[in-house]
Every structure is written in structure tokens, then in C-alpha cells.
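Here the structure is laid out as C-alpha cells; the discussion comes afterwards.
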Amino acid sequence: MEVGESNSGNERRIISKDSSWCSQFRNASNPWMARYAYALIFLVANLLAWAARDYGRGALTEMKRLKGCNGGKDCLDAEGVLRVNLGCFIFYIIMFLSTARTSKLNNVRDTWHSGWWSVKIALWVVTTVIPFLLPSEFIQIYGEVAHFGAGVFLLIQLISIISFITWLNECCESEKFAARCRIHVMFFATTAYVVCLMGIILMYIWYAPKPSCLLNIFFITWTLVLLQLMTSVSLHPKVDAGILTPGLMGLYVVFLCWCAIRRQDYQSLLDSFGLVSIEPAGGNCIRKSDSATKTDWLSIISFVVAILAIVIATFSTGIDSKCFQFRKDDTPPAQDDVPYGYGFFHFVFATGAMYFAMLLIGWNSHHSMRKWTIDVGWTSTWVRIVNEWLAVCVYLWMLIAPIIWKSRHTGST
């Protein structure tokens, strides 16, 4: 077993095949292992951002020494999140610029992506400290830019999810698996529709208990209409996309609607803590909101699960660069091709950092957040709702576009 780092391609392949994961990681010979290291850095960076928001006042005496913190007050709450998050963003942008267009293993950029961890950890520490030396005005500008970056991340994640659902349906309908998966497809599609309908009914019960809750009623009813629209278009004879894809998309759409409406659940908690309410005037339309008036273990567990879910979603989206290839390439990859797009991977983490910042500050840099909360407030509600509508539009376009291109091609010939 070789321990030292080798510049030879043959020796490196021997290391990858015969050595342990730890040895492969140390010798920069396993880009698959490198993904987990980057995900861990991403998780730690965002936990630091959360700590700056919720527990930053404990480090106030140390922050007073930093010129950019203006006596410490500009490194707390939302601005503290943005400062830590900016360092994470800079780190992944540097990695993006230095690894973009890497196509082959055993070259310098591949080694940089999979190794040099002591240098990269030092780089991450430096990029984390630098934002605390910057003036508050610069951080506020980054906060505005982060809105756009977070939107880009949501769009990338959306396309990745739709591509996965489409790929799953194509596998089930292929000649190899069609006969075997027919019963499974009907079972999963039926289950998906039952869960969607149950979710919609429960949302009516929990989030629209009064006729005055017009906005919530509109959100839920429109979600039901979109579910019917996706099913009708998918089953149209000219489209013939089957029943599985609209069922799975229905689950995603209902989930987004639920996430959007439940963001209002914590707004009454913000009011109870004397914070500024940004919820529109009207009666309390959240039946479950009276059950929680303080931070409990359920809130902490929900917060931890939400953070881990976002990290996992960023991780899985980052290795799915093929979903953005408009032309399918059936050529099998060469033995020395990189297993995934390094540049795209780091770009997703860079935009994911911006998205994480928006969740921690409620998409509003002037909005105070309660401890152990994430992605709350009326702005978060509208972000989720728009994301839901955009998901349906993208899905319908992916169904209709091939028919339009085919008809135009036929007409031109």
C-alpha cells in the first residue's frame, strides 16, 4: 500500500483501488470522498452563522476589536449571519473558479479538488475572518445580492428534482423494466395522490379554520388546481407522460405549499416576544400556533433536521450537473473522466450558502429572528409559494416543449 502522494496516473489508480478510504482521502485519489469533506465544511460554516445570530452577544467583547464590527453591534443577529456566510460563499467561489471545466483525473485541478486539505481549511478560516473586517455597508450589499443567489439555488434544485422524477419515470417505462415495474408504478402513483389529497385536507383543517383566512384558502385551493392541471397535461394523448410523474410532482408541490403556509406559524411567536410582526392584518389562521409559546425540544429537533436536510439537498444537487445537459450524450465515460462536475458542485454550494443565509435571517436583513428558528416570516411564505408555482411551470414546459419543437420541425420540413 502506498502512502505518499503520487503524480503517476497508474500509481494513483492503484492507490484508489487497493487502499482504504482514509488513505485515498489523504492521497487525494478519491473525488467521491472529497464531496463529504466539502459538505462538512458547508455544515460547520452555517452552524457558525447560526451561532453568530443566536449566541453572538456572548462574543461581543472580542468583536469590539474588529474595525468592521463598529463596536460589535454590526456582527450580531442578521448581519452576523451575513458576515459568516460571506466567508463561506467566498471559499466556494474560489473553489469554483479553480476547478471549473476539470474534465480529466490525474491533473493539477483534480488534485486540488480532492486534496490539499490543510491549505483549503486555512483558506476557509481566512475567508471566514475577512468579512468581519469589512464595513457594514458592504455586508448589506452582499445581503441584497444573496437574495438573487438564493433564487438561483432554488432554481437549480428545482430542475434537479424534476429531472430526477423524469428519469425515474423513463426507467420504469423502458423496455427492460416496463413489465416488472407496472404494478410498482401504479402503487406509488396511487399512494402519491392519496398523500397529496390528505395533505390538502389537513392544510384546510389546520391553516384555514375560518372563512376569513382567504389567502391560505387561496394557496391551498390553487395547489389542488395545479395538481389537477399537471395530471391532465401528463395524461393527454399527445404527451402521454404517465401517472407517476404528476403524482410525485404533486407531492413536491403540496410539500412546498405546506412549507409556505406553516412559515406563518412562528409569526405569532415573534409577536409574543415583542418583535415586529410582518404578517398581514387579520385573524389567527394557524390553529396549531397556540400550542407552542416557547422554545422546546420539538423546536430544537425541527431546527436540526431542517439544517441537515438543507445540507443533504445541497450535496445531492451539486453532483447532478448532468440535469443541465440539454443534449443527451450516450457515449460511455472514459476511465479517466471526472465522476461529476467539480465546478458545478462548488457553484451549487456557493449559491447554497446564500440560500442558507436567507433562511437564517428570514429573507430580511432587518428582521430579528427568535432562537432555534429558520426560514420564518411572511417573506419566506411568498418565496415558497412562488417556488411552487415555478415548479409547476417548469414541469409543464418540460412536458410540452418536445411537442412544440417536433411540430415546428415538421412544419419547417
Side-chain angles (χ1 to χ4, degrees), residues 154-208 216-263 288 302 305-306 308-310 312-317 320 323 381 383-403:
L154 286 175
L155 181 60
I156 294 174
Q157 188 181 51
L158 171 61
I159 295 176
S160 177
I161 292 174
I162 296 178
S163 298
F164 171 76
I165 293 175
T166 305
W167 169 83
L168 182 63
N169 184 66
E170 290 176 352
C171 288
C172 293
E173 292 182 349
S174 62
E175 297 181 359
K176 184 177 180 181
F177 301 104
R180 190 188 310 174
C181 295
R182 187 173 303 169
I183 297 178
H184 298 82
V185 168
M186 290 301 300
F187 172 77
F188 286 114
T190 303
T191 303
Y193 278 103
V194 170
V195 173
C196 287
L197 293 178
M198 289 180 59
I200 290 175
I201 293 173
L202 290 176
M203 283 192 291
Y204 274 121
I205 296 174
W206 289 341
Y207 303 115
N216 285 358
I217 293 174
F218 168 72
F219 288 156
I220 301 170
T221 305
W222 187 243
T223 299
L224 181 61
V225 172
L226 294 178
L227 177 61
Q228 177 62 40
L229 177 62
M230 289 189 297
T231 305
S232 300
V233 173
S234 180
L235 296 178
H236 193 276
K238 291 186 177 181
V239 177
D240 193 21
I243 197 173
L244 180 62
T245 52
L248 296 178
M249 277 300 301
L251 288 176
Y252 182 57
V253 166
V254 171
F255 172 74
L256 289 177
C257 181
W258 173 74
C259 288
I261 296 178
R262 75 182 293 269
R263 301 308 171 197
K288 297 177 65 180
S302 300
V305 170
L308 293 178
I310 296 168
I312 293 172
T314 307
F315 176 84
S316 59
T317 304
D320 193 22
C323 68
T381 296
V383 169
R384 294 292 180 179
I385 288 296
V386 172
N387 191 24
E388 174 194 345
W389 297 345
L390 181 61
V392 176
C393 291
V394 172
Y395 172 72
L396 293 177
W397 173 251
M398 293 180 70
L399 294 179
I400 299 174
I403 301 175

Minimum side-chain heavy-atom gap [X]-[Y] below 4.5 Å:
X      : Y      : value
Met230 : Val253 : yes
Leu251 : Leu248 : yes
Tyr252 : Leu158 : yes
Asn169 : Ile165 : no
Ile243 : Ser234 : no
Thr223 : Leu227 : no
Val383 : Leu154 : yes
Met198 : Val195 : no

Identify the heavy atoms of [X] and [Y] that sit nearest to each other, and give their distance.
X      : Y      : answer
Ile217 : Ala208 : CG1-CB, 3.6 Å
Ile162 : Met398 : CG2-SD, 3.1 Å
Ala192 : Gly247 : CB-O, 3.6 Å
Gly242 : Leu235 : O-CD2, 3.7 Å
Cys172 : Leu244 : SG-CD2, 4.3 Å
Tyr207 : Asn216 : O-ND2, 2.7 Å

Rounded at 0.5 Å granularity, tell me how far [atom1] in [X] sits from [atom2] in [Y].
X      : Y      : atom1 : atom2 : result
Met249 : Cys196 : CE    : SG    : 10.5 Å
Ile261 : Leu256 : CD1   : CG    : 11.5 Å
Glu170 : Thr245 : CD    : OG1   : 10.0 Å
Phe219 : Thr221 : CZ    : OG1   : 11.0 Å
Ile385 : Cys259 : CD1   : SG    : 10.0 Å

Next on the checklist: For a side-chain contact (heavy atoms from CB on, under 4.5 Å) check, start with the C-alpha distance between Leu224 and Leu197, then their side-chain angles and the critical distance, and finish with the verdict.
Outcome noted: CA-CA 8 Å; Leu224 181 61; Leu197 293 178; 4.2 Å; yes
With a cut-off of 6.0 Å (strictly less than), are more than 12 heavy atoms of other residues, nucleotides or ligands near [atom1] of [X]?
X      : atom1 : answer
Phe187 : CZ    : no
Trp222 : CH2   : no
Phe255 : CZ    : no

Item to check | Any donor-acceptor N or O pair under 3.5 Å, side chains Thr166, Tyr395 | outcome: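 No - no donor-acceptor pair under 3.5 Å links their side chains.
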